[in-house]
Protein chains: 2
Amino acid sequence: MVVNTTGERIHRVAVELFARKGFHGVGIRELAQHAQLSSASLYHYMGTKEALLAEIMHDCLRRLVSAGREAVASVDDPTERLGRLVALHVLAHAERAQETAVVDNEVNSLSPALRRSVVAARDSYERLWADAIADGRHSGAFRADPDGVARRGLLEMCSGVARWYSSTGPMPLDDLAREYALLALRALGPTEPAAPDVDVCREIVLTTWGAVGSADFA
Amino acid sequence: MVVNTTGERIHRVAVELFARKGFHGVGIRELAQHAQLSSASLYHYMGTKEALLAEIMHDCLRRLVSAGREAVASVDDPTERLGRLVALHVLAHAERAQETAVVDNEVNSLSPALRRSVVAARDSYERLWADAIADGRHSGAFRADPDGVARRGLLEMCSGVARWYSSTGPMPLDDLAREYALLALRALGPTEPAAPDVDVCREIVLTTWGAVGSADFA
DNA sequence: GGAAGCCTATCGATCGGTCGATAGATTCGT
DNA sequence: ACGAATCTATCGACCGATCGATAGGCTTCC
């Protein structure tokens, strides 16, 4: 159960506005208005506007890394591991499209110091993918992946889900995640792959981010 | 041979700045300074800052549509058609990363009217992909693509190239384009695909955009 | 002499951020 | 127990800087 403090309300509003209009497209007055606060009061809860952005990104990346590690823990088969990472990534980017879009799109809005720390966090997430792909290559389950081309391509493919997914679309989200995993595994593997365990990924997403929407206040 | 007028210089500078810092992250004074002009003189060549952005996007999309149509004209085999579209897309997003990144990232910075026209142009480009995929599905060359999931996924995968490609990287660009095409075709097709004709795509990119870099001024 | 190209100066609005103040709750000292 | 001191949350007013855009006047070149 997450409490609904003023700080969290600001965080939530900022995620929504930054995702929709971009960091530079949102002023602090607009932020304050949506959070039902004066612009001065905002600074009681945050450092600067940029620090708020960095906090949003770190929060999202921390969850992604945690969820990713949990999804592949104690799974040896590289195909199942990569498949779970893909499914998890798709689920997260569909259900938390705003946070993840901010992470993907606004890295360049950060000053060098903050950007470095965010990029480092993102790298530690992508290393999960790189490890799974490398293991699969060595075991023969995957084709050669020269210079991480496949890793980058698949990550971009899955992140794109945040740009267009709508829960009112025709395809159930679990099916979408499975479809993406199969697309990814077919692109890499020489053999027809089995679908990963999407249910466990779904469960991890649930415990990592809480209930969908999480609008547990009026 | 492209002349180097002031208007084109502004266009070029705007592409670079919008790509690097985002539309809202660039002021007209910064734009003017990089174009070696006063901010007032800018308005001798453009309507508004937003109109300049829309012009950049339409220019890029016009070239993409033209190049895409040329690449698939008189090609019947759906596998070769989609492979060429992928290769072309990758080549364009690598060599003209700035324009294409602006198109991909700044659509939401446009007011509704201008956005509609840009989205319409983008749709007519994506229709080339949709047609190739639909033909391949009907001929049995591709698996079912429920609700355009594969089209969206592959497009995002290829567009991502603009975010990370560097000409100093270890892999020659033609190889990268071929690798992406094979990734895409393997993801879709039930059989091991042949690589598309990357050379012809390369030639089309050259005639559509002119020489790489096109920094034909001091 | 007139259009094209470019300038300085300026506009009102908004930017991110800080100021001192205040009302109310909590903690502390005696 | 009770006043003093402190803390929390909030505000309106304001800062210098920058925003996108305009007005009007010089050159330069045909």
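Throughout, protein chains are lettered first and strands after them, A, B, ... in sequence-line order, and every chain is numbered starting at 1. Hydrogens, waters and symmetry mates play no part in the numbers below; they use all other heavy atoms, side chains included.
- For Q33(A) and dT14(C), the CD to P distance is 12 Å, given to the nearest whole Å.
- A salt bridge does not link R12(A) with E8(A): none of the charged nitrogens is closer than 4.0 Å to a carboxylate oxygen.
- R20(B) meets the salt bridge (charged side-chain N to carboxylate O under 4.0 Å, His left out) test with E16(B); sequence neighbours excluded.
- Taking atom CD1 on I10(A) and atom C1' on dG17(C), their separation rounds to 15 Å, with Å as the unit.
- A salt bridge links K21(B) with E30(B): the distance from a Lys NZ or Arg NE/NH1/NH2 to an Asp or Glu carboxylate oxygen falls below 4.0 Å.
- Computed from coordinates, the I28(A) CD1 to dT14(C) P distance equals 14 Å when rounded to whole Å.
- The stretch residues 110-124 of chain B participates, sequence neighbours left out, in these side chain to side chain donor-acceptor pair (under 3.5 Å) pairs: E50(B)-S111(B), H58(B)-S117(B).
- With rounding to whole Å, Q36(A) atom CD is found 17 Å from dA9(D) atom P.
- Rounded to whole Å, atom C1' of dC15(C) lies 13 Å from atom NE2 of H24(B).
- Shortest non-hydrogen contact noted between D59(A) and H11(A) is OD2-NE2, 4.0 Å.
- Just one residue in the list D135(A), D197(A), D131(A) forms a salt bridge (charged side-chain N to carboxylate O under 4.0 Å, His left out) with R81(A), and that residue is D135(A).
- Of the residues in residues 39-48 of chain B, those lying under 4.0 Å from DNA chain C by heavy-atom distance are A40(B), S41(B), H44(B), Y45(B).
- Positionally, the nearest nucleotide of DNA chain C for R29(B) lies more toward the 5' end than for the other of R29(B) and E50(A).
- The nearest whole Å value for the distance from the CG atom in L37(A) to the C1' atom in dG16(C) is 16 Å.
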